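One structure below.
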Amino acid sequence: MIVAVDGPAGSGKGTVTKRIEKDLGFLNLDTGATYRCVALEMIRKNIDLKNESEIIKIANAIDIKIHNEREKDIILLNGEDVTKEIRTKEVTAIVSQVSSIIPVREIMVEVQRKLAQGKNIIVEGRDIGTVVFPNAELKIYLDAKEEVRAKRRYDENIQNGMNITYEEVLENVKMRDYNDMHKKFGALRKAENAVVIDSSNMTIDEVVEKIKILIKNKQEEL
Ligand code: DC
């Protein structure tokens, strides 16, 4: 069974899908991590955002794997654990533009489909229900107000010891929303048959419970 969860930055996709992974034994695939790996490799190789042909080469050459270790997902880039490094503000600042390059998207969509093969999986991203898995058994569009999403990301960053202001995070959220919604290919939008959940005034537990009920109902239907 494939559960697709799409939504903007900070809508709670990551937190919620990890909880579902833990509670229901689904594997969690964070597709944003694949674009973040491309961005990290670019930074390491000193490749500029304008140099699309080199970025495409990187996307083609890198090997991305996800390991589940004691309820934690480990992201491996060419065999190296980059779970933390792909979340730095340097990577976050360029990842949305990297993910707008159409050939990069085409390559990453194939990577994501391979990573998901043959598993009960909950997949989070922006275009999962529309492009990557249009036949997903259950599609969810998770949303929340801009300020609420920025506050969540800010709290998360502070907890991880990152030196960043709320205003910087809000700016980044706004910029990413714009980029994510205006992509020529794979733009963030609600799939026609997706269930919309607005988490602005909901706790994580409430969102998790709601999704669990949706999954259970779908499993009974199948
Ligand atoms: O979910 P995230 O913040 O880790 O995603 C990083 C970036 O990758 C985000 O700005 C948009 C892009 N992305 C995408 O274009 N398509 C996806 N399926 C997932 C992420």
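Note that the structure is a prediction, hence the values are computed from the model and not measured. Indexing begins at 1, ligand by ligand and atom by atom, following the structure's order.
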So, [X] side chain and [Y] main chain: donor-acceptor pair closer than 3.5 Å or not?
{"X": "D81", "Y": "T83", "result": "yes"}
{"X": "N160", "Y": "M162", "result": "no"}
{"X": "E206", "Y": "T203", "result": "yes"}

Over all heavy atoms of both residues, which pair between [X] and [Y] is shortest? Give the atoms and the distance, please.
{"X": "P103", "Y": "I56", "value": "CG-CD1, 3.7 Å"}
{"X": "Q219", "Y": "M1", "value": "CG-SD, 3.6 Å"}
{"X": "I107", "Y": "A59", "value": "CG2-O, 3.6 Å"}
{"X": "V98", "Y": "Y35", "value": "CG1-O, 4.4 Å"}

Could you tell me which atoms of ligand 1, counted from 1 in the order shown, lie closer than 4.0 angstrom to a heavy atom of [X]?
{"X": "S99", "result": "11 (C), 12 (C), 15 (O)"}
{"X": "R87", "result": "4 (O)"}
{"X": "S96", "result": "10 (O)"}

query = Any N/O of R36 closer than 3.5 Å to an N/O of ligand 1?
reply = yes
ask   = Any N/O of D30 closer than 3.5 Å to an N/O of ligand 1?
value = no
Just need the protein heavy atom nearest to [atom], so name the residue and atom and give the distance.
{"atom": "atom 11 (C) of ligand 1", "value": "D180 OD1, 3.3 Å"}
{"atom": "atom 10 (O) of ligand 1", "value": "R176 NH1, 3.0 Å"}
{"atom": "atom 20 (C) of ligand 1", "value": "G32 CA, 3.5 Å"}

ask   = So is K183 close enough to ligand 1, meaning a heavy atom under 4.0 angstrom away?
value = yes
ask   = Charged N to carboxylate O below 4.0 Å: is that the case for R19 and D205?
value = yes
Closest candidate by heavy atom, reference [atom], pool [options]:
{"atom": "atom 15 (O) of ligand 1", "options": "R105, R126, Q112", "answer": "R105"}
{"atom": "atom 18 (N) of ligand 1", "options": "T92, L188, D127", "answer": "D127"}
{"atom": "atom 7 (C) of ligand 1", "options": "V38, V95, V132, T31", "answer": "V95"}

